[in-house]
Structures are given as C-alpha cells and as structure tokens.
Amino acid sequence: MSLLRAALHSPRGKVVIAVAAAILGWQVWLSAAAAGKIGEGIPEEGRRVDVLVTLAFPPERFHIQKFQKLGRVSGTKENSVQVRGVNRADLRSLARPFWVLRVEPLT
C-alpha cells in the first residue's frame, strides 16, 4: 500500500493532507494576488524604482524590517511606507504579503 493511500485511510493522514493543501493554496493565492497589487505608473526605465507601499494598518517594526530586505525605507506616513531603490524584479516579492494592499510609484 502506498504512503498516500495509507494517509487517505487514516483520520490523521486526512488532516495532514488537508493542512498541506490549505498551505499550498494560500501560497498560490499570495503569489497570484501580488501582481494585482502593483499599481500602474511605476517607471519602466532603470533597474531600481522608488515605491509607496500601502498596508491595511499602520506599519510596525516587523513590516519595516521586511521592506528593508528589498530596499531602503525612507519614511512612513499613516498606513504607507516609502521604499527606495527596490529592484524591479523584487516588486512582486514586495507586494506578496497579505498585509500589503498596494504598491505604487513614489511621487
């Protein structure tokens, strides 16, 4: 009997498979939703861009540290964080967390 077949016949196995499927679905949804959070108007020239990241709540230290891995945080205001020098290839990574509402060009 295969491992998957055995897991399907036990209650614990079913729970493990359901949790794994939920985690996988969540990760797929985060990746798919990231593209829709990136606003229009981000300059297409240059490798690095300056963006304004809007959250659903005022950012805390944790959020600032996450953004600092992708660029330089130059300030915050209410629910927004200014992130400068973000590599264009990292824009989806910046928009991926569920607590990010949108990523727009910094004007």
Side-chain angles (χ1 to χ4, degrees):
M1 190 185 283
S2 73
L3 185 60
L4 179 59
R5 195 173 281 168
L8 287 173
H9 290 295
S10 85
R12 277 190 185 159
K14 290 177 183 177
V15 169
V16 169
I17 291 171
V19 168
I23 291 171
L24 179 62
W26 175 251
Q27 295 303 320
V28 168
W29 179 82
L30 287 175
S31 295
K37 295 179 187 179
I38 300 173
E40 295 181 16
I42 294 178
E44 295 190 21
E45 66 276 353
R47 198 173 123 220
R48 301 217 176 254
V49 294
D50 300 335
V51 294
L52 183 68
V53 182
T54 304
L55 284 62
F57 45 81
E60 296 181 5
R61 184 174 184 243
F62 167 81
H63 308 103
I64 301 298
Q65 288 175 334
K66 287 287 190 183
F67 295 145
Q68 285 177 335
K69 291 179 182 178
L70 299 171
R72 294 180 322 276
V73 173
S74 63
T76 63
K77 184 177 181 183
E78 297 174 2
N79 294 1
S80 299
V81 180
Q82 298 173 1
V83 187
R84 298 179 186 273
V86 177
N87 190 333
R88 184 176 307 286
D90 292 333
L91 283 175
R92 280 194 179 204
S93 296
L94 189 68
R96 194 170 186 275
F98 70 91
W99 33 265
V100 172
L101 295 179
R102 61 185 180 273
V103 177
E104 302 170 307
L106 184 61
T107 55

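As the structure is a computational prediction, the values presented were derived from the model and not from experiment. Scope of the values below: all heavy atoms of this structure, side chains included, with no hydrogens, waters or symmetry mates.
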Tell me the closest heavy-atom pair linking [X] and [Y], and the distance in Å.
X: R48; Y: G85; answer: NH1-O, 3.0 Å
X: A95; Y: I38; answer: CB-CG1, 4.0 Å
X: P59; Y: I64; answer: CB-CD1, 4.2 Å
X: S80; Y: T54; answer: OG-OG1, 3.4 Å

For V15, which fellow cluster members are found when Ile, Leu, Val, Met, Phe, Trp and Tyr are connected by side-chain heavy-atom distances below 4.5 angstrom, either directly or through intermediates? V19, I23
Report, as yes or no, whether the 6.0 Å neighbourhood of atom CZ on R96 holds more than 12 heavy atoms from other residues, nucleotides or ligands. yes
Quick one: salt bridge (Lys or Arg N to Asp or Glu O under 4.0 Å) pairs with a partner in residues 97-107, sequence neighbours left out? R102-E104
Pairwise salt bridge (Lys or Arg N to Asp or Glu O under 4.0 Å) hits with a residue in residues 31-43, at least two apart: none
Are V73 and L52 connected, step by step, through hydrophobic side chains (Ile, Leu, Val, Met, Phe, Trp, Tyr) whose heavy atoms are closer than 4.5 Å? no
Flag yes if V16 and L24 sit in one hydrophobic cluster, no otherwise; membership is Ile, Leu, Val, Met, Phe, Trp, Tyr, and two members link when side-chain heavy atoms are under 4.5 Å apart. no
Partner residues of [X] under the side chain to side chain contact (heavy atoms under 4.5 Å, CB included) criterion, sequence neighbours left out:
X: L70; answer: D90, S93, L94
X: W26; answer: W29, L30, F98
X: P43; answer: E45, P105
X: R84; answer: D50, R72, S74, Q82, L106

Not counting sequence neighbours, list each pair that qualifies as a ring-ring contact (aromatic ring centres under 6.0 Å, His included) and has a residue in residues 65-86. F67-W99
Are the side chain of R88 and the backbone N or O of G46 linked by a donor-acceptor pair below 3.5 Å? yes
Side chain to side chain donor-acceptor pair (under 3.5 Å) partners of residues 56-71, not counting sequence neighbours, each pair once: none
